[in-house]
Amino acid sequence: MGQLGWSSFCCFLCLIWVVSAGSIASGFNITAFLWRYPEFETFNKLLTTTNVAKDINNRTSLTILALPNSILENYKTRFGGNLQVMEIQSVLQYHVLLEYMDWDRLHQMTSRGTLITTLYQTTGRAPKDSGLVNITCEKNGEIRIRAPAPYGGSFNATVTRLVKAFPYNISIFSISTLLIPYGFDLSTAAEPSDNAINVTEVLLNAKNFNFVVSMMVASGITSDLESDQSGAGITIFAPTDDAFSALPPDTLQSLTAENKAVVLKYHVLHSYYPLGSLDSIVNPLQPTLATESMGAGTYTLNITRVNGSVAVNTERIFFLGVKGALERG
C-alpha cells in the first residue's frame, strides 16, 4: 500500500469507535497551528477530539491557555477513559478566554485581579459564575490564574510564556498546571478499566471484516491496537472483505508480516474521532500509527469532506469515503 507498492486501492471504509463552520475571518486554525509545537500534542488532540477546536476556529478575540504534554501526563488516566467526553470538553473550555490578551494586557492586571469569561461559562453547564477565571499580576510580575473566590480562589496556574499572538484576534499562552473548574475533582476520579476493547471481536461481530481480522492476527498488531487505546485513543479505518477482494491477486501474499503490520497501522489514527467530528479535522496531514513506526512525515492521511461524505486520501491512494461507524455495545 502506498510506499509498499499497493496499486490504486478504492474502497468504502468503516470507522470503528474504539475508545473513550467555517473558520474565523483571519483563517486561523488552532489544530493546524499547534501541530507545529510537539510539546502541546496531547492538548491539541484533546481539543480536536472533543470538538473544542471547532468552536475556537469559529470565534475571534480569544486567549488560549495551552498545557504542555508534561502537565497533561499527570491526568492521563482521567482523560484516557473514566471521564465523559462532555467533562473533558468542559475542562478544556475553561482554558479558552473570551478576550484577546497579550503580555501588555496581562501586566495591566492588579494583584486583586480581573474576572474573565471562559468558553465554559457560555455553555450553561457552569454553576452561576464558576466559568470565570480571576487573573492577577503579582508584585514580582508573575501572571496567575485562579478560580473566582466563591469557587475556590486558591492559586491554580502561572502563565509561563507566550507561544504566539495574532494581534487583537488570537493569543496562545503556556501555563504551569491544569485549571480545574468548580465541581470537578480529578484527583479522586475512578481509575479507568484495564480491559481494552477487543478490536478483532468487534470486527468479527460486525461481519464482512474477516480478511482484515486475519491480517491483524497474522501481523501481530492486535496487542498494539489494545495498548494504544489509552490516552487520546485510536480511530481505525477498516477495509471490508469486498475491498480486499478488489485487489489484484497476490497483492498481500507478497508482503512480509512486518509490512502487513505497517499497512494496517496506516489505517489507524492515534486519536479517537467520533464519526461526526471527522469533518472538523482540518490539519492537512494526519499522522497514523505507521507514521510513528516509520518516521515523521511518512504514511500520513488527509481527511476531507467531499460531497457530504468524509474522504480519506494520500498522494497515491484514494478511499471513496467513510460508510458508517461501529461501536461496541
Side-chain angles (χ1 to χ4, degrees), residues 30 34 37 39-53 55-56 59 61-80 82-103 105-107 109 111-138 142-165 170-189 232:
I30 186 62
L34 287 178
Y37 297 85
E39 65 267 35
F40 298 115
E41 179 182 2
T42 302
F43 182 69
N44 196 19
K45 286 180 177 180
L46 289 170
L47 288 178
T48 303
T49 57
T50 58
N51 275 334
V52 174
D55 203 354
I56 290 172
R59 292 175 177 266
S61 190
L62 298 175
T63 298
I64 298 166
L65 306 174
L67 293 156
N69 299 335
S70 57
I71 302 299
L72 288 174
E73 181 67 23
N74 298 326
Y75 300 91
K76 183 176 181 179
T77 57
R78 313 307 190 233
F79 291 140
N82 61 345
L83 284 181
Q84 298 296 318
V85 173
M86 186 174 292
E87 293 177 308
I88 301 174
Q89 187 180 65
S90 295
V91 172
L92 295 171
Q93 289 166 334
Y94 200 49
H95 292 72
V96 181
L97 312 183
L98 300 187
E99 181 178 332
Y100 170 80
M101 286 182 281
D102 53 20
W103 273 127
R105 173 74 175 99
L106 288 175
H107 283 104
M109 304 292 180
S111 59
R112 295 184 60 183
T114 301
L115 295 178
I116 302 295
T117 303
T118 71
L119 187 58
Y120 174 50
Q121 180 69 24
T122 69
T123 65
R125 298 194 297 268
K128 297 184 178 180
D129 293 329
S130 62
L132 307 180
V133 293
N134 188 32
I135 303 180
T136 63
C137 181
E138 305 302 317
E142 277 190 346
I143 306 299
R144 296 183 179 180
I145 305 174
R146 48 172 62 86
Y151 305 101
S154 60
F155 167 73
N156 274 328
T158 300
V159 176
T160 56
R161 71 182 179 98
L162 173 65
V163 179
K164 184 72 175 179
I170 300 282
S171 60
I172 300 100
F173 288 90
S174 179
I175 59 175
S176 63
T177 192
L178 184 72
L179 294 169
I180 302 175
Y182 175 75
F184 287 73
D185 188 359
L186 301 188
S187 63
T188 59

Novice: Got a donor-acceptor contact below 3.5 angstrom from the Asn134 side chain to the Thr114 backbone?
Specialist: yes
Novice: Can you list the residues that meet the side chain to side chain donor-acceptor pair (under 3.5 Å) rule with Glu41, with sequence neighbours excluded?
Specialist: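 For Glu41 the side chain to side chain donor-acceptor pair (under 3.5 Å) partners, ignoring immediate neighbours, are Lys45.
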Novice: Nearest 0.5 Å, what's the CG-CG distance between Asp102 and Leu162?
Specialist: 8.0 Å
Novice: If you round to the nearest 0.5 Å, how far is CG of Leu65 from CE of Met101?
Specialist: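 That separation rounds to 7.5 Å.
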Novice: Passes side chain to side chain contact (heavy atoms under 4.5 Å, CB included), Ile170 versus Ile30? Steps please.
Specialist: CA-CA 9 Å; Ile170 300 282; Ile30 186 62; 5.7 Å; no
Novice: Under the ring-ring contact (aromatic ring centres under 6.0 Å, His included) test, which residues partner Phe173, sequence neighbours left out?
Specialist: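 Residues passing ring-ring contact (aromatic ring centres under 6.0 Å, His included) with Phe173: Trp103.
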Novice: Given side chain to side chain contact (heavy atoms under 4.5 Å, CB included), test Gln93 with Thr123 step by step and report yes or no.
Specialist: CA-CA 9 Å; Gln93 289 166 334; Thr123 65; 3.3 Å; yes
Novice: For Tyr120 and Gly131, work out which heavy atoms get closest and say how close.
Specialist: CD2-CA, 3.8 Å
Novice: For Arg112, what residues pass the side chain to side chain donor-acceptor pair (under 3.5 Å) criterion, not counting sequence neighbours?
Specialist: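 Side chain to side chain donor-acceptor pair (under 3.5 Å) check on Arg112 returns nothing, list empty.
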Novice: Can you list everything that forms a salt bridge (charged side-chain N to carboxylate O under 4.0 Å, His left out) with Glu138? Sequence neighbours excluded, please.
Specialist: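 With neighbours one apart ignored, the set is empty.
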Novice: For Ser174, give me all partners under side chain to side chain donor-acceptor pair (under 3.5 Å), at least two apart in sequence or on another chain.
Specialist: Thr160
Novice: Is there a donor-acceptor contact under 3.5 Å from the side chain of Glu39 to the main chain of Ser70?
Specialist: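 No, Glu39 side chain to Ser70 backbone: no donor-acceptor pair under 3.5 Å.
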Novice: Give the minimum heavy-atom separation between Ile143 and Leu106, together with the two atoms involved.
Specialist: CD1-O, 3.5 Å
Novice: Hey, what do you get for CD1 (Ile175) to CZ (Arg161), rounding to the nearest 0.5 Å?
Specialist: 12.5 Å
Novice: With sequence neighbours left out, what residues match Arg105 under salt bridge (charged side-chain N to carboxylate O under 4.0 Å, His left out)?
Specialist: Glu99
Novice: Mind checking the CG-CG spacing from Leu92 to Leu179? Nearest 0.5 Å is all I need.
Specialist: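 One finds 11.0 Å between CG of Leu92 and CG of Leu179.
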Novice: Within this structure, what is the CG-OG distance for the pair Leu119 and Ser90, rounded to the nearest 0.5 Å?
Specialist: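 Separation between the atoms: 9.5 Å.
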Novice: Give a yes-or-no answer on whether the side chains of Arg144 and Thr158 include a donor-acceptor pair shorter than 3.5 Å.
Specialist: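 No, Thr158 and Arg144 have no side-chain donor paired with an acceptor closer than 3.5 Å.
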Novice: OG1/Thr177 to CD1/Ile145 distance, rounded to the nearest 0.5 angstrom?
Specialist: 11.0 Å
Novice: Could you list the residues that satisfy side chain to side chain donor-acceptor pair (under 3.5 Å) with Thr63, not counting sequence neighbours?
Specialist: Ser171
Novice: How about Leu62 and Leu97: do any of their side-chain heavy atoms sit closer than 4.5 Å?
Specialist: no
Novice: With distance as the sole test, does Tyr94 use its side chain to make a donor-acceptor pair with the main-chain N or O of Leu132 at under 3.5 Å?
Specialist: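 Indeed, once roles are kept as given, a pair shorter than 3.5 Å links the two residues.
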Novice: Sequence neighbours excluded, which residues qualify as ring-ring contact (aromatic ring centres under 6.0 Å, His included) partners of Phe40?
Specialist: none
Novice: Run the side-chain contact (heavy atoms from CB on, under 4.5 Å) test against Ile71 and tell me which residues pass, sequence neighbours left out.
Specialist: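 Ile71 satisfies side-chain contact (heavy atoms from CB on, under 4.5 Å) with Leu67, Pro68 only.
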